[in-house]
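Report on the structure given below.
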Amino acid sequence: MNSRRARRLLGTAPVLVALALGVAACGGGGAAQPGAGGAISVVASTNVWGSVVRAVGGDHVQVTSIVNDPSADPHSYQASAVDAAEVQSAQLLVYNGGGYDDFFAQLAGQVTGAKPIVAFTGETEHGEQPHGSEGGHDHGGVNEHVWYDPHVVAAVADQVATRLGEIDPAQRETFTGNAGAFTAKLHELEAQIVKIGTDHPGRKVVATEPIAHYLLEAAGVTDATPHDFAEAVENETDVPVAAQQEVTDLVSGKQVQAVVNNTQTVTPVTEKVIGTARDAGVPVVEVTETLPEGTTDYIAWMSGQVNALAGALSK
(Lines give C-alpha, C1' and ligand atoms only; values in the text may rest on other atoms or scores of the structure.)
Protein backbone atom coordinates (compact mmCIF):
# COMPACT_ATOMS: atom_id res chain seq x y z
CA MET A 1 0.00 0.00 0.00
CA ASN A 2 1.38 3.41 -0.87
CA SER A 3 1.67 6.35 1.50
CA ARG A 4 -0.96 8.41 -0.33
CA ARG A 5 -3.59 5.77 0.47
CA ALA A 6 -2.35 5.47 4.04
CA ARG A 7 -2.62 9.19 4.69
CA ARG A 8 -6.13 9.30 3.31
CA LEU A 9 -7.26 6.44 5.51
CA LEU A 10 -5.61 7.30 8.82
CA GLY A 11 -8.40 9.60 9.87
CA THR A 12 -11.26 7.36 8.78
CA ALA A 13 -10.75 4.19 10.81
CA PRO A 14 -12.24 5.45 14.12
CA VAL A 15 -15.28 6.78 12.28
CA LEU A 16 -15.83 3.49 10.48
CA VAL A 17 -15.54 1.49 13.68
CA ALA A 18 -17.96 3.81 15.43
CA LEU A 19 -20.44 3.49 12.59
CA ALA A 20 -20.31 -0.27 12.60
CA LEU A 21 -20.60 -0.56 16.37
CA GLY A 22 -23.32 2.08 16.47
CA VAL A 23 -25.47 0.27 13.92
CA ALA A 24 -25.08 -3.00 15.77
CA ALA A 25 -25.97 -1.36 19.08
CA CYS A 26 -29.11 0.09 17.56
CA GLY A 27 -30.26 -3.30 16.38
CA GLY A 28 -29.46 -2.69 12.70
CA GLY A 29 -26.75 -5.37 12.67
CA GLY A 30 -26.72 -8.82 14.14
CA ALA A 31 -27.34 -12.09 12.35
CA ALA A 32 -26.87 -12.25 8.59
CA GLN A 33 -30.08 -12.00 6.63
CA PRO A 34 -30.98 -13.47 3.22
CA GLY A 35 -31.89 -11.13 0.39
CA ALA A 36 -35.18 -10.76 -1.44
CA GLY A 37 -36.81 -14.03 -2.47
CA GLY A 38 -34.42 -16.02 -0.33
CA ALA A 39 -31.38 -15.02 -2.42
CA ILE A 40 -28.04 -14.99 -0.64
CA SER A 41 -27.20 -11.44 0.43
CA VAL A 42 -23.67 -10.46 -0.57
CA VAL A 43 -21.94 -7.12 -0.06
CA ALA A 44 -18.83 -6.26 -2.07
CA SER A 45 -16.57 -3.26 -1.62
CA THR A 46 -16.72 -2.29 -5.31
CA ASN A 47 -18.80 -3.23 -8.33
CA VAL A 48 -15.78 -5.04 -9.78
CA TRP A 49 -15.95 -7.75 -7.16
CA GLY A 50 -19.72 -7.48 -7.12
CA SER A 51 -19.74 -8.40 -10.82
CA VAL A 52 -17.61 -11.48 -10.11
CA VAL A 53 -20.07 -12.58 -7.41
CA ARG A 54 -22.99 -12.13 -9.82
CA ALA A 55 -21.22 -14.21 -12.46
CA VAL A 56 -20.94 -17.07 -9.97
CA GLY A 57 -24.18 -16.68 -8.04
CA GLY A 58 -26.56 -15.71 -10.81
CA ASP A 59 -30.16 -15.34 -9.69
CA HIS A 60 -29.36 -16.97 -6.36
CA VAL A 61 -27.53 -13.92 -5.00
CA GLN A 62 -28.51 -10.37 -4.18
CA VAL A 63 -25.37 -8.26 -4.48
CA THR A 64 -24.81 -4.81 -3.06
CA SER A 65 -21.64 -3.02 -4.19
CA ILE A 66 -20.70 -0.18 -1.85
CA VAL A 67 -18.63 1.73 -4.43
CA ASN A 68 -20.80 1.71 -7.52
CA ASP A 69 -20.18 5.22 -8.81
CA PRO A 70 -17.55 5.55 -11.58
CA SER A 71 -16.52 8.92 -10.16
CA ALA A 72 -15.89 7.57 -6.65
CA ASP A 73 -12.41 6.68 -5.40
CA PRO A 74 -12.36 3.45 -3.35
CA HIS A 75 -9.07 4.52 -1.75
CA SER A 76 -10.67 7.46 0.02
CA TYR A 77 -14.32 6.40 0.22
CA GLN A 78 -16.08 7.44 3.41
CA ALA A 79 -18.45 4.74 4.66
CA SER A 80 -21.92 5.67 5.86
CA ALA A 81 -24.18 4.18 8.52
CA VAL A 82 -26.18 2.57 5.71
CA ASP A 83 -23.01 0.90 4.42
CA ALA A 84 -22.26 -0.39 7.91
CA ALA A 85 -25.77 -1.84 8.20
CA GLU A 86 -25.44 -3.56 4.82
CA VAL A 87 -22.17 -5.16 5.86
CA GLN A 88 -23.52 -6.23 9.24
CA SER A 89 -26.52 -8.04 7.73
CA ALA A 90 -24.81 -9.69 4.74
CA GLN A 91 -24.33 -13.43 4.47
CA LEU A 92 -21.10 -13.02 2.51
CA LEU A 93 -18.58 -10.18 2.21
CA VAL A 94 -16.07 -9.72 -0.62
CA TYR A 95 -13.44 -7.02 -0.89
CA ASN A 96 -10.09 -6.29 -2.54
CA GLY A 97 -7.66 -5.88 0.34
CA GLY A 98 -4.07 -4.72 0.16
CA GLY A 99 -5.05 -1.30 1.51
CA TYR A 100 -7.15 -0.52 -1.54
CA ASP A 101 -10.55 -0.51 0.17
CA ASP A 102 -9.69 -0.19 3.85
CA PHE A 103 -13.07 1.38 4.58
CA PHE A 104 -14.56 -2.05 3.90
CA ALA A 105 -11.91 -3.94 5.83
CA GLN A 106 -12.72 -1.79 8.86
CA LEU A 107 -16.43 -2.54 8.58
CA ALA A 108 -15.87 -6.25 7.93
CA GLY A 109 -13.63 -6.42 10.98
CA GLN A 110 -16.63 -5.66 13.19
CA VAL A 111 -18.67 -8.58 11.84
CA THR A 112 -18.68 -11.84 13.77
CA GLY A 113 -19.12 -15.19 12.07
CA ALA A 114 -17.81 -16.25 8.67
CA LYS A 115 -14.68 -14.51 7.43
CA PRO A 116 -14.96 -12.33 4.33
CA ILE A 117 -13.34 -13.23 1.03
CA VAL A 118 -10.31 -10.99 0.46
CA ALA A 119 -8.92 -10.91 -3.08
CA PHE A 120 -5.47 -9.62 -2.16
CA THR A 121 -3.41 -10.15 0.97
CA GLY A 122 -0.10 -8.88 -0.39
CA GLU A 123 0.76 -11.64 -2.81
CA THR A 124 -0.68 -12.87 -6.12
CA GLU A 125 -0.28 -16.23 -7.82
CA HIS A 126 2.85 -14.72 -9.41
CA GLY A 127 4.33 -13.78 -6.02
CA GLU A 128 4.85 -10.31 -4.63
CA GLN A 129 4.48 -7.74 -7.37
CA PRO A 130 6.01 -4.27 -7.13
CA HIS A 131 4.59 -1.41 -9.14
CA GLY A 132 6.35 -2.01 -12.44
CA SER A 133 8.50 0.34 -14.42
CA GLU A 134 11.38 0.19 -16.83
CA GLY A 135 14.69 -0.93 -15.41
CA GLY A 136 13.08 -2.83 -12.55
CA HIS A 137 12.27 0.26 -10.53
CA ASP A 138 10.11 -0.35 -7.51
CA HIS A 139 7.41 2.25 -6.99
CA GLY A 140 7.00 1.19 -3.41
CA GLY A 141 5.30 -1.98 -2.26
CA VAL A 142 3.06 -4.45 -4.00
CA ASN A 143 0.38 -3.48 -6.49
CA GLU A 144 -3.10 -3.89 -5.05
CA HIS A 145 -5.01 -3.56 -8.34
CA VAL A 146 -5.36 -7.33 -8.62
CA TRP A 147 -8.60 -7.36 -10.60
CA TYR A 148 -6.34 -6.81 -13.63
CA ASP A 149 -4.81 -10.26 -12.96
CA PRO A 150 -7.08 -13.04 -14.37
CA HIS A 151 -5.45 -15.61 -12.06
CA VAL A 152 -6.51 -13.70 -8.96
CA VAL A 153 -10.02 -13.12 -10.32
CA ALA A 154 -10.40 -16.84 -11.07
CA ALA A 155 -9.26 -17.72 -7.56
CA VAL A 156 -11.82 -15.32 -6.07
CA ALA A 157 -14.57 -16.82 -8.26
CA ASP A 158 -13.70 -20.29 -6.93
CA GLN A 159 -13.78 -19.03 -3.34
CA VAL A 160 -17.14 -17.39 -3.95
CA ALA A 161 -18.55 -20.64 -5.39
CA THR A 162 -17.34 -22.58 -2.36
CA ARG A 163 -18.76 -20.14 0.16
CA LEU A 164 -22.08 -19.77 -1.64
CA GLY A 165 -22.33 -23.56 -1.77
CA GLU A 166 -21.83 -23.71 1.98
CA ILE A 167 -24.61 -21.18 2.50
CA ASP A 168 -26.99 -22.86 0.03
CA PRO A 169 -25.94 -26.51 -0.42
CA ALA A 170 -28.86 -27.18 -2.77
CA GLN A 171 -27.28 -24.87 -5.35
CA ARG A 172 -23.68 -25.98 -4.84
CA GLU A 173 -23.38 -27.55 -8.32
CA THR A 174 -24.90 -24.45 -9.91
CA PHE A 175 -22.32 -22.20 -8.26
CA THR A 176 -19.46 -24.53 -9.18
CA GLY A 177 -20.65 -24.71 -12.78
CA ASN A 178 -21.01 -20.94 -13.03
CA ALA A 179 -17.52 -20.43 -11.61
CA GLY A 180 -16.14 -22.93 -14.13
CA ALA A 181 -17.81 -21.13 -17.03
CA PHE A 182 -16.56 -17.77 -15.76
CA THR A 183 -13.01 -19.11 -15.39
CA ALA A 184 -13.11 -20.46 -18.93
CA LYS A 185 -13.87 -16.93 -20.15
CA LEU A 186 -10.99 -15.64 -18.04
CA HIS A 187 -8.69 -18.12 -19.78
CA GLU A 188 -9.84 -16.78 -23.14
CA LEU A 189 -9.22 -13.24 -21.90
CA GLU A 190 -5.75 -14.19 -20.71
CA ALA A 191 -4.96 -15.67 -24.14
CA GLN A 192 -5.95 -12.34 -25.72
CA ILE A 193 -3.65 -10.51 -23.31
CA VAL A 194 -0.69 -12.79 -24.04
CA LYS A 195 -1.33 -12.40 -27.77
CA ILE A 196 -0.66 -8.67 -27.43
CA GLY A 197 2.94 -9.40 -26.52
CA THR A 198 3.26 -11.99 -29.26
CA ASP A 199 1.85 -9.71 -31.95
CA HIS A 200 3.53 -6.52 -30.71
CA PRO A 201 6.80 -7.38 -28.95
CA GLY A 202 8.99 -4.74 -27.38
CA ARG A 203 6.23 -2.19 -26.90
CA LYS A 204 6.55 0.49 -24.23
CA VAL A 205 3.99 2.71 -22.53
CA VAL A 206 3.82 5.50 -19.99
CA ALA A 207 1.14 5.13 -17.31
CA THR A 208 -0.41 8.01 -15.38
CA GLU A 209 -0.92 5.57 -12.50
CA PRO A 210 0.08 1.87 -12.13
CA ILE A 211 -3.51 0.64 -12.09
CA ALA A 212 -3.10 -1.74 -15.07
CA HIS A 213 0.26 -3.13 -13.93
CA TYR A 214 -0.78 -6.80 -14.09
CA LEU A 215 -2.39 -6.37 -17.51
CA LEU A 216 0.74 -4.73 -18.93
CA GLU A 217 2.99 -7.33 -17.35
CA ALA A 218 0.99 -10.25 -18.74
CA ALA A 219 0.97 -8.60 -22.17
CA GLY A 220 4.74 -8.26 -22.14
CA VAL A 221 4.49 -4.48 -22.33
CA THR A 222 7.18 -2.38 -20.62
CA ASP A 223 5.99 0.40 -18.35
CA ALA A 224 8.58 3.09 -19.08
CA THR A 225 7.18 5.56 -16.55
CA PRO A 226 10.09 7.19 -14.66
CA HIS A 227 10.30 6.09 -11.05
CA ASP A 228 10.25 9.63 -9.66
CA PHE A 229 7.16 10.52 -11.69
CA ALA A 230 5.21 7.45 -10.60
CA GLU A 231 6.24 7.84 -6.97
CA ALA A 232 5.15 11.49 -6.87
CA VAL A 233 1.78 10.72 -8.47
CA GLU A 234 1.19 7.86 -6.05
CA ASN A 235 2.11 9.96 -3.01
CA GLU A 236 0.28 13.06 -4.26
CA THR A 237 3.45 15.15 -4.04
CA ASP A 238 4.87 17.53 -6.60
CA VAL A 239 6.34 15.74 -9.59
CA PRO A 240 10.03 16.67 -9.95
CA VAL A 241 10.64 18.91 -12.94
CA ALA A 242 13.17 16.47 -14.38
CA ALA A 243 10.71 13.56 -14.11
CA GLN A 244 7.92 15.59 -15.70
CA GLN A 245 10.25 16.55 -18.55
CA GLU A 246 11.34 12.93 -19.00
CA VAL A 247 7.73 11.86 -19.42
CA THR A 248 7.09 14.71 -21.83
CA ASP A 249 10.13 13.72 -23.90
CA LEU A 250 9.11 10.03 -23.93
CA VAL A 251 5.64 10.90 -25.19
CA SER A 252 6.36 13.83 -27.50
CA GLY A 253 9.31 11.96 -28.99
CA LYS A 254 7.14 8.88 -29.54
CA GLN A 255 9.55 6.71 -27.58
CA VAL A 256 6.46 4.96 -26.18
CA GLN A 257 3.62 3.51 -28.20
CA ALA A 258 0.79 4.56 -25.87
CA VAL A 259 -0.17 6.34 -22.68
CA VAL A 260 -2.26 4.31 -20.24
CA ASN A 261 -4.54 6.68 -18.35
CA ASN A 262 -6.66 6.04 -15.27
CA THR A 263 -9.71 8.17 -16.03
CA GLN A 264 -10.79 8.12 -12.39
CA THR A 265 -7.68 9.98 -11.21
CA VAL A 266 -7.44 13.36 -12.93
CA THR A 267 -4.81 15.91 -11.92
CA PRO A 268 -3.09 18.79 -13.73
CA VAL A 269 -0.08 16.52 -14.14
CA THR A 270 -2.04 13.69 -15.78
CA GLU A 271 -3.94 16.16 -17.94
CA LYS A 272 -0.63 17.53 -19.19
CA VAL A 273 0.56 14.04 -20.10
CA ILE A 274 -2.67 13.32 -22.00
CA GLY A 275 -2.43 16.66 -23.79
CA THR A 276 1.15 15.91 -24.84
CA ALA A 277 0.09 12.50 -26.13
CA ARG A 278 -2.73 13.91 -28.22
CA ASP A 279 -0.49 16.61 -29.67
CA ALA A 280 2.08 13.97 -30.60
CA GLY A 281 -0.48 11.53 -31.98
CA VAL A 282 0.35 8.91 -29.34
CA PRO A 283 -2.72 6.73 -28.53
CA VAL A 284 -4.27 7.05 -25.08
CA VAL A 285 -5.65 3.86 -23.53
CA GLU A 286 -8.28 4.62 -20.91
CA VAL A 287 -8.59 2.27 -17.95
CA THR A 288 -10.78 2.48 -14.87
CA GLU A 289 -10.81 1.22 -11.30
CA THR A 290 -14.49 0.30 -11.27
CA LEU A 291 -17.02 -0.76 -13.88
CA PRO A 292 -18.29 2.20 -15.91
CA GLU A 293 -21.91 3.26 -15.61
CA GLY A 294 -24.21 0.85 -17.43
CA THR A 295 -21.67 -2.01 -17.37
CA THR A 296 -22.28 -4.99 -15.10
CA ASP A 297 -20.24 -7.75 -16.75
CA TYR A 298 -16.59 -8.12 -15.70
CA ILE A 299 -15.54 -10.01 -18.83
CA ALA A 300 -17.09 -7.45 -21.18
CA TRP A 301 -15.49 -4.58 -19.27
CA MET A 302 -12.01 -6.09 -19.13
CA SER A 303 -12.19 -7.31 -22.73
CA GLY A 304 -12.90 -3.76 -23.84
CA GLN A 305 -9.78 -2.50 -22.09
CA VAL A 306 -7.65 -5.35 -23.47
CA ASN A 307 -8.89 -4.62 -26.98
CA ALA A 308 -8.17 -0.93 -26.52
CA LEU A 309 -4.58 -1.71 -25.47
CA ALA A 310 -4.09 -4.09 -28.38
CA GLY A 311 -5.47 -1.52 -30.81
CA ALA A 312 -3.22 1.24 -29.48
CA LEU A 313 -0.09 -0.88 -29.67
CA SER A 314 -0.82 -1.97 -33.23
CA LYS A 315 -0.55 1.60 -34.56
* Quick one: closest heavy-atom pair of G165 and F175, and the distance? => N-CD1, 3.6 Å

* Where the side chain of E289 meets the backbone of T265, is there a donor-acceptor pair that is under 3.5 Å apart? -> no

* For T208, does its backbone N or O pair with a side-chain atom of N262 as donor and acceptor, under 3.5 Å? -> no

* Asked: Is it the case that D102 and Q106 place a side-chain donor and acceptor less than 3.5 Å from each other?
  -> no

* Answer yes or no: is there a side-chain heavy-atom contact under 4.5 Å between P210 and N143? => yes

* Structure fact -> Paired with V43, the side-chain contact (heavy atoms from CB on, under 4.5 Å) test is passed by just one of V63, L107, L93, namely L93

* Take W49 and I117, measure what side chain to side chain contact (heavy atoms under 4.5 Å, CB included) needs, and give me the verdict at the end. => CA-CA 10 Å; W49 297 115; I117 293 174; over 6 Å; no

* Asked: What's the spacing between D59 CG and T174 OG1 if we round to 0.5 Å?
  -> 10.5 Å

* Asked: With a 4.5 Å heavy-atom cut-off, do V156 and V160 have their side chains touching?
  -> yes

* Are any of the side-chain heavy atoms of V67 and F103 separated by less than 4.5 Å? -> yes

* Asked: Distance-only, no hydrogens or angles: does the S252 side chain make a donor-acceptor pair with backbone N or O of T248 under 3.5 Å?
  -> yes

* Between atom CD of Q159 and atom CG of L92, what is the distance when rounded to the nearest 0.5 Å? -> 10.0 Å

* Asked: Who are the ring-ring contact (aromatic ring centres under 6.0 Å, His included) partners of Y148, not counting sequence neighbours?
  -> none

* To do: Could you tell me the separation between the CD1 atom of I167 and the NE2 atom of H60, rounded to the nearest 0.5 Å?
  => 13.5 Å

* To do: Go through the steps for V42 and T64 under the test side chain to side chain contact (heavy atoms under 4.5 Å, CB included), then give the verdict.
  => CA-CA 6 Å; V42 184; T64 299; over 6 Å; no

Which donor-acceptor pairs under 3.5 Å do side chains of residues 271-286 form with protein atoms, sequence neighbours excluded?
unit_1, atom_1, unit_2, atom_2, d
T276, OG1, K272, O, 2.9

* Asked: Taking C-beta and beyond as the side chain, do V94 and P116 meet within less than 4.5 Å on heavy atoms?
  -> no

* Asked: Side chain of Q257, backbone of L313: donor and acceptor closer than 3.5 Å?
  -> no

* Residue pair P150 / I193, side-chain heavy-atom distance below 4.5 Å -> yes

* Looking only at non-hydrogen atoms, find the nearest pair between N178 and V56 and report the distance. => ND2-O, 2.9 Å

* **Exam field: side chain D168 to backbone L164, donor-acceptor pair closer than 3.5 Å** => no

* Could you check D83 against S80 for side-chain hydrogen bond (donor to acceptor under 3.5 Å, both in side chains), going step by step and ending with a plain yes or no? => CA-CA 5 Å; D83 297 332; S80 68; 3.2 Å; yes

* **Main-chain N/O of S41 paired with Q91 side-chain donor or acceptor, under 3.5 Å** => yes

* Are the side chain of R203 and the backbone of V221 linked by a donor-acceptor contact shorter than 3.5 Å? -> no

* To do: Over all heavy atoms of both residues, which pair between N307 and Q192 is shortest? Give the atoms and the distance, please.
  => OD1-OE1, 4.0 Å

* Asked: Between H145 and I211, which heavy-atom pair has the shortest distance, and what is it?
  -> CB-O, 3.3 Å

* Asked: Does any non-hydrogen side-chain atom of I66 lie less than 4.5 Å from one of T46?
  -> no

* **Note, V287 side chain near N261 side chain (heavy atom, < 4.5 Å)** => no

* Grab the two heavy atoms, one from A224 and one from V256, that are nearest each other, plus how far apart they are. => CB-CG1, 4.2 Å

* Exercise: do H151 and E190 side chains pair donor with acceptor under 3.5 Å -> yes

* Asked: If only atom types and distance count, is the side chain of T288 paired as donor or acceptor with the main-chain N or O of T290 below 3.5 Å?
  -> yes

* Atom CG in D199, atom OG in S314: separation rounded to 0.5 Å? -> 9.5 Å

* **Shortest non-hydrogen separation from T296 to S51 and the atoms involved** => O-CB, 3.3 Å

* Counting N and O atoms only, with roles assigned by atom type, does the side chain of D101 sit under 3.5 Å from a partner on the main chain of F104, one being a donor and the other an acceptor? -> no

* Does P70 offer a backbone N or O that forms a donor-acceptor pair with the side chain of E293 under 3.5 Å? -> no

* Would you call Q264 and H75 a side-chain contact if the rule is heavy atoms closer than 4.5 Å? -> no

* Gap separating the NE2 atom of H227 from the OG1 atom of T225, nearest 0.5 angstrom -> 12.0 Å

* To do: Can you spot which of V251, L216, V259, L250 makes a side-chain contact (heavy atoms from CB on, under 4.5 Å) with V205?
  => L216

* Could you walk me through whether V239 and D228 pass the side chain to side chain contact (heavy atoms under 4.5 Å, CB included) test, one step at a time? => CA-CA 7 Å; V239 175; D228 290 345; over 6 Å; no

* Check the pair V52, F182 against side chain to side chain contact (heavy atoms under 4.5 Å, CB included), reporting the backbone distance first and the verdict last. => CA-CA 9 Å; V52 174; F182 180 70; 4.0 Å; yes

* To do: Have a look at W147 and tell me which of F120, Y100, Y214 forms a ring pair (Phe, Tyr, Trp, His ring centres under 6.0 Å) with it.
  => Y100

